[in-house]
Structures are given as C-alpha cells and as structure tokens.
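Inspection log for the structure reproduced underneath, given as structure tokens.
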Amino acid sequence: MTDRRRSDDYKQISGYIPLDLALEFKSICARLGISQSDAIEEMTQEWVAKKTGSHSLNSRKLAPKTIADLVRANIAELKRCGIKNLPALAKGEVLPTPGDFAIITSALDIPEEERKKIWEETFKISVYHDAKGVKVYKDSGGVKEDECECS
C-alpha cells in the first residue's frame, strides 16, 4: 500500500465541515472498511468531474489490463460490495473466484467485452513440455508463478 504522506503523487487537503457530518462520515467509513482518504479521493474525483464535465481524472479506471489493476483503481467503491481480500486482489497476490469477478465487474459497470479482456490478460497461461509432462504457469507480467505439473 502507498504511504500517501511520503508520496510525491499525493497532496493533503483539508477543510471544516459540521461536527455531525464529520462523525457520520467517519462512522460510515469504519462500517464499510474504507479509509477516509479513499472516500475523500472518490468524492473529490466525482465532484471535479461534475464541475468540469470531464472524466479525465478517472481515465486510469477505463482501461485496466488485469483484475489487480481494476481492483486497485476502484478499491474504495468495491469495498461496498462485500468482496473479501480486496487489498490482496489489488496487489495481485490472490485471484478472485469467477463469482467475485462477476460482482466486481457488475459493480463497476464493465462491458462484457472488456470483462473478457481483463479475465484473459489476468489468466495468461504459458505452457512448456519436458520429459515429466507439462508445466503450467500463471503468467504475471513475465514472471512465472504458481507452478503446477500436469502429466
């Protein structure tokens, strides 16, 4: 996870809102398991898009290559869907079940063709033969992981 305080890619913003609203905001974030920073980032993106009529800040969400990219770009929104292991999914440490993938892509309104591309990119398979049989690897950006042998 990014340390936003030390990152040059993040800037702190602040303001004052009524106490009741602040308490309700914190309570909702805690109940949904969303960091306040993630919620403020999501709200700010929506506010800027609404005020400018532009979605340029959300362009990184439009073309994710893998499930990890998709989850990472939309983690605040996905925390409301009840998907477990979102941080691990965002890092590419685990893969979602087909059911969870359907929930993720439905929640984000991903078109069917884009769903297929993301699924296929995530599950690229490279296979090679040797004397013992076939070895299958999940290809993750050129790094072979999760070796399993098939005969």
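All values reported here derive from a predicted model rather than from experimental measurement. In what follows, every heavy atom counts, from backbone to side chain, and hydrogens, waters and symmetry copies are set aside. Residues: numbered from 1 along the sequence shown.
The structure places OG1 of Thr52 at 9.0 Å from CH2 of Trp47, a figure rounded to the nearest 0.5 Å. To the nearest 0.5 Å, atom OG1 of residue Thr66 and atom CG of residue Leu95 are 9.5 Å apart. Going from atom CD of Glu24 over to atom CG of Asp20 covers 8.5 Å, rounded to the nearest 0.5 Å. If you take CG on Leu78 and CG on Asp38, they are separated by 11.0 Å, rounding to the nearest 0.5 Å.
Listed by chain and residue number, nothing satisfies the salt bridge (Lys or Arg N to Asp or Glu O under 4.0 Å) test with Lys117 (two or more places apart in sequence, or in another chain). Residues forming a side chain to side chain donor-acceptor pair (under 3.5 Å) with Arg6 (at least two apart in sequence, or on another chain): Asp3. In this structure, Glu112 has no salt bridge (Lys or Arg N to Asp or Glu O under 4.0 Å) partners at least two apart in sequence or on a different chain. Partners of Ser37 by side chain to side chain donor-acceptor pair (under 3.5 Å), not counting sequence neighbours: none found. In terms of the side-chain contact (heavy atoms from CB on, under 4.5 Å) criterion, residue partners of Ala88 (sequence neighbours excluded) are, by chain and number, Asn85, Glu93, Val94.
Heavy-atom minimum distance, Cys29 versus Ala39: SG-CB, 3.8 Å. Contact detail for Lys26 and Gln36: the closest heavy-atom pair is CG-NE2, 3.6 Å. Nearest heavy atom pair, residue Ile118 against residue Leu70, reads CD1-CD2, 4.3 Å.
Cluster note: Leu23 groups with Leu19 through ILVMFWY side-chain heavy atoms spaced under 4.5 Å, whether in direct contact or through intervening members. As a member of the Ile/Leu/Val/Met/Phe/Trp/Tyr network built from side-chain separations under 4.5 Å, Phe25 groups with Ile13, Ile40, Met43.
Using a 4.0 Å cut-off between charged side-chain N and carboxylate O, Glu42 and Arg80 make a salt bridge.
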Practice task
Starting from the C-alpha separation in whole Å, work towards a yes-or-no answer on side chain to side chain contact (heavy atoms under 4.5 Å, CB included) for Glu41 and Tyr10.
Solution key: CA-CA 10 Å; Glu41 181 178 350; Tyr10 288 86; 4.2 Å; yes
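With a 4.5 Å cut-off on side-chain heavy atoms, Glu77 and Asn74 count as touching.
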Would you tabulate the side-chain donor-acceptor contacts of residues 98-111 under 3.5 Å, counting partners in other chains and residues two or more places apart, or write 'none'?
unit_1, atom_1, unit_2, atom_2, d
Thr105, OG1, Phe101, O, 2.9
Thr105, OG1, Ala102, O, 3.3
Thr105, OG1, Arg115, NE, 3.4
Thr105, OG1, Arg115, NH1, 3.4
Ser106, OG, Ala102, O, 2.8
Ser106, OG, Arg115, NH2, 3.4

